Amino acid sequence: MRERHKFFLDESRLPTAWYNINADLPVPPSPVLHPGTLEPVTPEFLSVLFPMSILGQEMSPERWIEIPEPVQDIYRVWRPTPLVRALRLEKALDTPAHLYFKNESVSPVGSHKLNTAIAQAFYNKEAGTKALTTETGAGQWGSALSMATHFFGIDLEIYMVKVSYGQKPYRRIIMENFGAQVFASPTDRTHYGRSVLEATPDSPGSLGIAISEAVEVAASSGGAKKYSLGSVLGHVILHQTVIGLESIAQFEMAGEYPDVVIGCAGGGSNFAGFTYPFLHRKFTAGQAIRVIAAEPASCPTLTRGAYTFDYGDTAAMAPVMKMHTLGHTFVPPGIHAGGLRYHGMSPSVSALVDHGDIEARAVQQLATFEAATLFSRTEAIVPAPESAHAIRVAIDEALECKRTGEKKVIAFNLSGHGHFDLTAYDAYRRGELRDHDYPQAAVDEAMAHLPKVGLG
Ligand SMILES: *Cc1c(COP(=O)(O)O)cnc(C)c1O
């Protein structure tokens, strides 16, 4: 029998509502705290940074939240994305398992990040926001938000982690092409940036530092500018659930249902967007599934971080949330999976790992690039190094099936392509990449700086 490669949903079957896991969480959500007082935050404090409509989604208990028509209309530029059976990868592995991937790399900027960028730009436009500020690591989030703000006629200021600004000029050019302003962080434009530069003039920057700069600019703009975050928060994950909702419909077309779903986890948004609709089925209909979050061994937030209250940024200006964290003072080693270097993790992903609904696995850099190379040689797509962490875990699961003879259905999210990460592939090919375990002493040191939260 001829096997089918791709499962396409017609545009008319684009989901019309996002799935909100708040409705089904098996543990009550923890409060979000003010970074100064460490008391629960007020909506007024957060409304300096975000429009009320977005804050409403953050707290909403509604299971389904309608996708506004103008957002659906831009989604239709590239959505629904294909679900692909990785037949050649299966063959290369000689596994009885069926391997599938959801291909988010086909978006105009090459990753899943547009799913929330479009929604956030829409709600800000509706609220009358004139300009947004944000940070970007490797540049995927910056390029997504620059396209989204351009489509809705909003200005954008981007604080880009300095090491990536140097390593990834092409992403900066995409952002500038859409009309955004891009600065190498730490900058001398903010109090916080200047203080970092004074202490460490050659600071490579970090996501935490860039977040502090973008938050400071918005918070001190007298309401003219709002701030936008590309991961971690509940509303971001909500917007990403379009990935998993489409996937479930596509698995129906394929006549299969996954036994295991896998995503790479930086702040948790593509992972959660892909897997939460499957968890919805587990929580509400008892449909069994294993869910695995893949992270780098050099930034092992879920596997080695503490599950506790911590600041969202390095300067301790952003709200404090209960999450898995390596400490807000964490400055990661310069591994190439730039998008997976955040010190914290989405609070809902953290809670579900803690509760046992999600497994977490750390993978090493060399094994990740080995998996990425096999994937590109069989499926003909160069994956983003971030996505390659999910590919590594999917391959390991498929090899385990080969050992046991089990015919499992394994699915992962291909969060993006690696066309702007080719210098990392070059370094791998030249033997210049190394495995990197985050030292325990650094974990312990960072834990000493956690906020002293009095909540029981
Ligand atoms: C940003 C990014 C990630 C990591 O972010 P999450 O919020 O954890 O999804 C993963 N893959 C790609 C391609 C990215 O651009």
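Throughout, residue positions are numbered sequentially from 1 according to the sequence presented. When a ligand or atom number is given, it counts from 1 through the structure's own listing order. This is a predicted model, so every value here is computed, not measured. All values below were derived from every heavy atom in this structure, side-chain atoms included, with hydrogens, water molecules and symmetry-related copies excluded.
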If I apply the N/O under 3.5 Å rule, does [X] come out as touching ligand 1?
X: His112; value: yes
X: Ala384; value: no
X: Ser387; value: no

* Evaluate whether atom CZ of Arg88 has more than 12 neighbouring non-hydrogen atoms of other residues, nucleotides or ligands under 6.0 angstrom away. =>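 Open.
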
* To do: With Arg304 as the cation and Tyr438 as the aromatic partner, state whether NZ or CZ is under 6.0 Å from the six-membered ring centre and within 45° of the axis.
  =>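 Pair Arg304/Tyr438 does not count as cation-pi.
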
Distance filter under 4.0 Å to [X] heavy atoms, resulting ligand 1 atoms:
X: Ser415; value: 10 (C), 11 (N), 12 (C), 13 (C)
X: Ser231; value: 6 (P), 7 (O)
X: Gly268; value: 6 (P), 7 (O), 8 (O)
X: Ala265; value: 8 (O)
X: Gly416; value: 13 (C)
X: Gly266; value: 8 (O)

* Asked: Can you find a heavy atom in the side chain of Phe101 that is under 4.5 Å from one in the side chain of Phe375?
  ->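 Yes, their side chains come closer than 4.5 Å.
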
* **For Ile211, the option from Val232, Thr314, Leu229 that meets side chain to side chain contact (heavy atoms under 4.5 Å, CB included)** =>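 By the side chain to side chain contact (heavy atoms under 4.5 Å, CB included) criterion, Ile211 pairs with just one of Val232, Thr314, Leu229: Leu229.
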
Using 30° and 60° as the class boundaries, would you call the ring planes of [X] and [Y] parallel, tilted or perpendicular?
X: Tyr428; Y: Phe369; answer: parallel
X: Phe278; Y: Phe274; answer: perpendicular
X: Tyr276; Y: Phe271; answer: perpendicular

